[in-house]
Amino acid sequence: MAEYPAKVYLNGKILNSEDAKISVFDRGFVFGDGVYEALVYVNGKLMFEEAHFKRLNEGLEKTQIHFDSSTLCKEISRLLVESGLEHEDCLVYLQITRGIAPRKHSFPFNSTPTVMMYAKSMDLPGINPIHAKVITVPDQRWLRCDIKMTSLIGNVMANNIAHSQGAYEAVLVRDGRITEGSHSNIFFVKDRIVYTHPANEYILNGITRKVAIEMCNKLDIEVKFEAILENNISDMDEAFLSGTTTQIASISQIDDHIFYTNNQTGTITKQLQEVYCELKK
Ligand code: PDD
């Protein structure tokens, strides 16, 4: 049970996780019909809470799941206390599905959304020490990757290919362009210019991605919102991943292209890692 959280919040109640049960007719279970957020609670605060809730509300709107998320922040505090985690760094996962209804593709009129959350202790090192080896995998997901939804089979399958090859992350490629990672965003650096895929339907606009862009702006590092071609990876100076749990992670190798050996980190990547580390204090 160690990998599971002790407590689960389910529709207003905080339960021992083994007692948290949902209906097999929940549309989250049947269709993956739901949205989610993953946040970290570090040094007693939910990092970038406002941005996560803004994205959650946008996801609810885009999927037409009618749910008022405004009470959830308070409920997260209650969950942290009841889980005995208010003084620890942890991951907070929350998901909202369209709720229970007889199986039919079109939306039910009056289902009540199912809300599930949990908090789990997590070690978040000041700077992510990984020097990630990643591989490219075809991006075979649908065309609304901007929605943080629970239907993640495209991401799951891509990530599993990477995992089975001992790689840290699958870097997704659509029409020759690098979009994002299976559970992270990717950035490249060339001649001190930082490149990231534009925030459109092909990527999830990560909160950490936005923070990385803001950090670049503050550091006077130019950011270009342009996708890098798979064929141009070898021309790049640096590459890094961003994500709530990934933080800012240096990439040492993509497929056969080696950026760094000997656990080096690129100059810009390192600068951003250091500034990001300060934000957690
Ligand atoms: N994943 N792109 C995808 C496809 C993601 O799943 C994630 C996050 C990101 C980075 O977003 P953010 O910086 O807001 O975490 C980008 C989370 C952590 C997950 O699914 O567990």
Side-chain angles (χ1 to χ4, degrees), residues 26-38 55-56 58-65 93 95-98 103-107 130 132-188 195-210 212 224-236 239-246 249-259:
D26 193 288
R27 287 176 61 101
F29 179 64
V30 177
F31 291 120
D33 188 358
V35 293
Y36 78 104
E37 274 299 324
R55 184 173 64 186
L56 176 68
E58 285 165 4
L60 288 166
E61 221 167 273
K62 287 172 185 173
T63 53
Q64 298 172 51
I65 294 175
Y93 176 84
Q95 74 167 54
I96 300 160
T97 75
R98 203 178 302 276
R103 186 178 183 279
K104 194 172 167 224
H105 286 66
S106 56
F107 303 160
I130 197 161
K133 288 188 182 157
V134 303
I135 59 165
T136 53
V137 174
D139 192 344
Q140 294 175 328
R141 301 172 300 163
W142 75 330
L143 299 173
R144 290 306 306 272
C145 301
D146 55 308
I147 304 175
K148 196 162 174 73
M149 78 239 150
T150 57
S151 347
L152 285 172
I153 194 146
N155 305 58
V156 165
M157 290 185 74
N159 185 269
N160 202 58
I161 292 171
H163 196 249
S164 65
Q165 295 182 26
Y168 178 79
E169 176 61 302
V171 168
L172 305 174
V173 182
R174 196 190 286 270
D175 298 330
R177 292 182 175 80
I178 310 248
T179 52
E180 62 177 334
S182 70
H183 59 81
S184 57
N185 291 112
I186 186 164
F187 290 78
F188 290 90
Y195 291 84
T196 174
H197 193 289
N200 57 21
E201 288 91 343
Y202 296 131
I203 68 160
L204 181 78
N205 190 3
I207 305 303
T208 325
R209 172 184 178 276
K210 288 196 218 175
K224 285 195 175 164
F225 297 91
E226 288 173 23
I228 296 301
L229 299 178
E230 183 183 14
N231 286 341
N232 291 345
I233 290 173
S234 56
D235 299 333
M236 297 294 129
F240 62 89
L241 301 169
S242 71
T244 294
T245 52
T246 307
S250 172
I251 294 179
S252 62
Q253 184 172 344
I254 304 182
D255 295 334
D256 292 335
H257 181 72
I258 298 172
F259 289 95

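Throughout, residue positions are numbered sequentially from 1 according to the sequence presented.
Residues Met149 and Arg144 form no side-chain contact, since every pair of their non-hydrogen atoms from C-beta on lies 4.5 Å or further apart. Phe29 is not listed as a side-chain neighbour of Arg27, based on a closest heavy-atom distance of 4.5 Å or more. Contact check for Leu56 versus Val35: side-chain heavy atoms found under the 4.5 Å cut-off. With a 4.5 Å cut-off on side-chain heavy atoms, Val173 and Asp139 do not count as touching. When side chains are defined from C-beta on, Glu169 counts as touching Ser184, because their heavy atoms get closer than 4.5 Å. Here the side chains of Glu230 and Arg177 are not in contact, with every heavy-atom distance at 4.5 Å or above. Counting only heavy atoms from C-beta outward, the side chains of Arg141 and Glu180 approach each other to under 4.5 Å. Within the 4.5 Å cutoff, the side chain of His197 has no heavy atoms near those of the Phe225 side chain.
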TODO: Go through Ile203 and Arg209 one step at a time and tell me if the side chain to side chain contact (heavy atoms under 4.5 Å, CB included) criterion holds.
DONE: CA-CA 11 Å; Ile203 68 160; Arg209 172 184 178 276; 3.7 Å; yes

Task: Candidate pair Lys224 and Thr196, rule side chain to side chain contact (heavy atoms under 4.5 Å, CB included), full reasoning - done: CA-CA 6 Å; Lys224 285 195 175 164; Thr196 174; over 6 Å; no

Open item on the list: If you apply the rule ring pair (Phe, Tyr, Trp, His ring centres under 6.0 Å), what do you find for His105 with Phe31, and how did you get there?
Closed with: CA-CA 8 Å; His105 286 66; Phe31 291 120; 5.1 Å; yes

TODO: Let me see the working for Ile178 and Ile233 under side chain to side chain contact (heavy atoms under 4.5 Å, CB included), right down to the final yes or no.
DONE: CA-CA 9 Å; Ile178 310 248; Ile233 290 173; 3.6 Å; yes

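The structure places CD1 of Ile147 at 6.5 Å from OG1 of Thr63, a figure rounded to the nearest 0.5 Å. Here the CG-SG distance, from Asn205 to Cys145, works out to 12.5 Å after rounding to the nearest 0.5 Å. Considering CE of Met236 and NE2 of His257, their distance stands at 9.0 Å, rounded to 0.5 Å. Atom OG1 of Thr245 is separated from atom NE2 of His183 by 7.0 Å, given to the nearest 0.5 angstrom. Note that CG of Asn155 is 9.0 Å distant from CG of Leu204, once rounded to the nearest 0.5 Å.
In this structure a side-chain-to-backbone donor-acceptor pair under 3.5 Å is missing from Asp26 to Thr97. For the pair Thr246 (side chain) and Ser242 (backbone), a donor-acceptor distance under 3.5 Å is absent. No donor-acceptor pair closer than 3.5 Å links the side chain of Arg55 to the backbone N or O of Glu37. Put simply, the side chain of Thr179 gets close to the backbone of Leu172: a donor and an acceptor are under 3.5 Å apart.
Checking Tyr36 against Lys148 by side-chain atom types alone, a donor-acceptor pair falls below 3.5 Å. Asn159 and Ser182 share a side-chain donor-acceptor pair at under 3.5 Å.
The side-chain tip of Arg98 points at the ring of Phe107 from less than 6.0 angstrom away and within 45° of straight on.
Taking every heavy atom of both residues into account, Ser151 and Gly32 meet most closely at OG-O, 2.6 Å. When every heavy atom of Pro198 is checked against every heavy atom of Ala227, the shortest pair comes out as CD-N, 4.0 Å. Residues Ile135 and Asp255 come closest through the heavy atom pair CA-OD1, 3.2 Å. Contact between Arg174 and Tyr202 at its shortest, heavy atoms only, is NE-CD2, 3.4 Å.
Applying the salt bridge (charged side-chain N to carboxylate O under 4.0 Å, His left out) test to Glu61 and every residue at least two apart in sequence or in another chain returns nothing.
Atom NZ of Lys133 sits in a sparse spot, with 12 or fewer heavy atoms from other residues, nucleotides or ligands closer than 6.0 Å. Heavy atoms of other residues, nucleotides or ligands lying less than 6.0 angstrom from CD1 of Ile153 number 12 at most.
Here the options are Asn232, Asp235, Ile251, Ile254, the test is side chain to side chain contact (heavy atoms under 4.5 Å, CB included), and the partner is Phe188; only Ile254 passes.
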